[in-house]
Amino acid sequence: MRENKVIAPKLLDWYDRHARSLPWRIPPGSGQRADPYRVWLSEVMLQQTTVAAVRDYFLRFTARWPGVQDLAAADDAEVMAEWAGLGYYARARNLLACARQVASAGGFPTTRDGLRALPGIGPYTSAAIAAIAYDQPETVVDGNVERVVSRLFAVEKPLPVAKPDLTALAETLTPQMRPGDFAQAMMDLGATICTPRSPACGICPLIDDCDARAAGIAANLPRKAPKAAKPERSGIVWIARHGDALVLEQRPDKGLLGGTLAFPSSGWDGREMPPPGPATWAEIGNVRHVFTHFNLSLQVLSGVLENPPDRGRLIRLHMIDRNTLPGLMRKVWDVARADISA
DNA sequence: TAGCCGTGGGC
DNA sequence: TGCCCAAGGCT
């Protein structure tokens, strides 16, 4: 694949003038060096997650754990609670495992291959850290880059089959100088101008280089294979009261909402469970939630346990912190709280 | 390797 | 409203 020396200078010039200001980013031209810890943390949080959703989580994490040694020393439950609401909870467990490996090694690996071997760091994140924090000319390919490249070269082959082609094309664009800024520039371009719908081609710095624009098909790329329909699932969740406390449990590390704090439930996640103890149950509401691969309807049952629960642990009502629950269980808690106060 | 794994915002 | 999408990784 032939090298393309036209794109990077134009894009970097645009980035120097239009880079987004983000908490984890060093502004272009400042001459400062990005902190690998902050680059890593932000990249993991940003996996399949919007900038708007990540910003406050990043600020809270870095305020509480300023360095990788601080995070490595944290309790698992504290990290899970701080991550609650951000989704994809395997990231939080891998984050902690990674922090502990890095801390005991005395620092982050400085090569893409070294980074790639750490938990939660894959092809994208390893390239991003190597380029942004260590100034190495690695090619960073995320959803933005796939979209930008598919348009620049008018690639009509659909994703995900086209992914290797798009990666090879992206490699022809990566400059030896400022590879980190180039990667971030590609992502900023994709996020603000070369957007999925209604791309703003009129103000794009690469308009003269874009094959899709010339062919009038920019808004139709990248093409994607059709997705399967989402099945419907249903289940039960128990609001089990004992005195002035409710039963909560930590879910198993693997699987749905792995490692998060939750009300006992059954029937929706491949696990058939009995209630946390004998009681007379009454329906107090229903909660709907959308997961990546199914829609969920959860019947909320409430009851009073006469004896301590068979599993989980009792948490006093005023000690239940909504922010430490995953999104689904926040909805359940809202239903329970409305019922209790009624 | 393709299915699994959250959540919220935009249109 | 329902669907799409967002700086993916793991198995």
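Here is the naming used below: chain letters follow the sequence lines, and residue numbers restart at 1 for every chain. These numbers were taken from a predicted model, which means no experiment stands behind them.
Partner A:D334 forms a salt bridge (Lys or Arg N to Asp or Glu O under 4.0 Å) with one of A:R330, A:K331, A:R337 and no other, that one being A:R337.
Side-chain contact of A:R112 with A:Q136: a donor-acceptor pair under 3.5 Å is absent, judged by distance alone. For the residue pair A:Q47 / A:Y124, no side-chain donor-acceptor distance below 3.5 Å is found, with atom types taken as modelled. Using modelled atom types, one finds no donor on one side chain facing an acceptor on the other under 3.5 Å when comparing A:N94 with A:R91.
Using cut-offs of 30° and 60° on the angle between ring planes, the pair A:F294 and A:W268 is tilted.
Comparing the same atom, C1', in C:dA6 and in B:dC5 gives a spacing of 15 Å after rounding to whole Å. Comparing C:dA7 with B:dG3, their P atoms are spaced 23 Å from each other, to the whole Å. Comparing C:dG9 with B:dG8, their P atoms are spaced 22 Å from each other, to the whole Å. When the C1' atom is used for both B:dT1 and C:dC10, the distance is 12 Å, rounded to whole Å.
The NZ atom of A:K224 sits 7 Å away from the C1' atom of C:dC5 (whole-angstrom rounding). The distance from atom CZ of A:R330 to atom C1' of B:dG6 is 11 Å, rounded to the nearest whole Å. As rounded to whole Å, 18 Å separates atom P of C:dC10 from atom NE2 of A:H293.
When each of C:dA7, B:dC11, B:dC5 is scored by its nearest atom to the side-chain atoms of A:T292, the top-ranked nucleotide is B:dC5.
Counting non-hydrogen atoms under 4.0 angstrom, A:L328 reaches the backbone sugars and phosphates but no base. At a threshold of 4.0 angstrom between heavy atoms, the contacts of A:T125 are confined to the sugar-phosphate backbone, with no base atom among them. A:P326 comes within 4.0 angstrom of sugar-phosphate atoms only, judged by non-hydrogen atoms across all strands, and of no base. Within the nucleic acid shown, A:V54 has no heavy atom closer than 4.0 Å to any nucleic acid atom. At the heavy-atom level, A:L296 lies nowhere under 4.0 Å from the strands shown. Contact annotation for A:W40: no contact, since no heavy-atom pair falls under 4.0 Å across all strands. Nucleic acid contact class of A:R25 (heavy atoms, under 4.0 Å, all strands): base. When heavy atoms are screened at a 4.0 angstrom cut-off, A:G255 is found touching the sugar-phosphate backbone but no base atom.
Contact between the side-chain N/O atoms of A:H289 and the OP1/OP2 oxygens of B:dT7 is found at a separation under 4.0 Å. Residue A:R147 has a polar side-chain atom (N or O) positioned under 4.0 Å from OP1 or OP2 of C:dA6. The side chain of A:Y89 contributes an N or O atom lying less than 4.0 Å from OP1 or OP2 of B:dT7.
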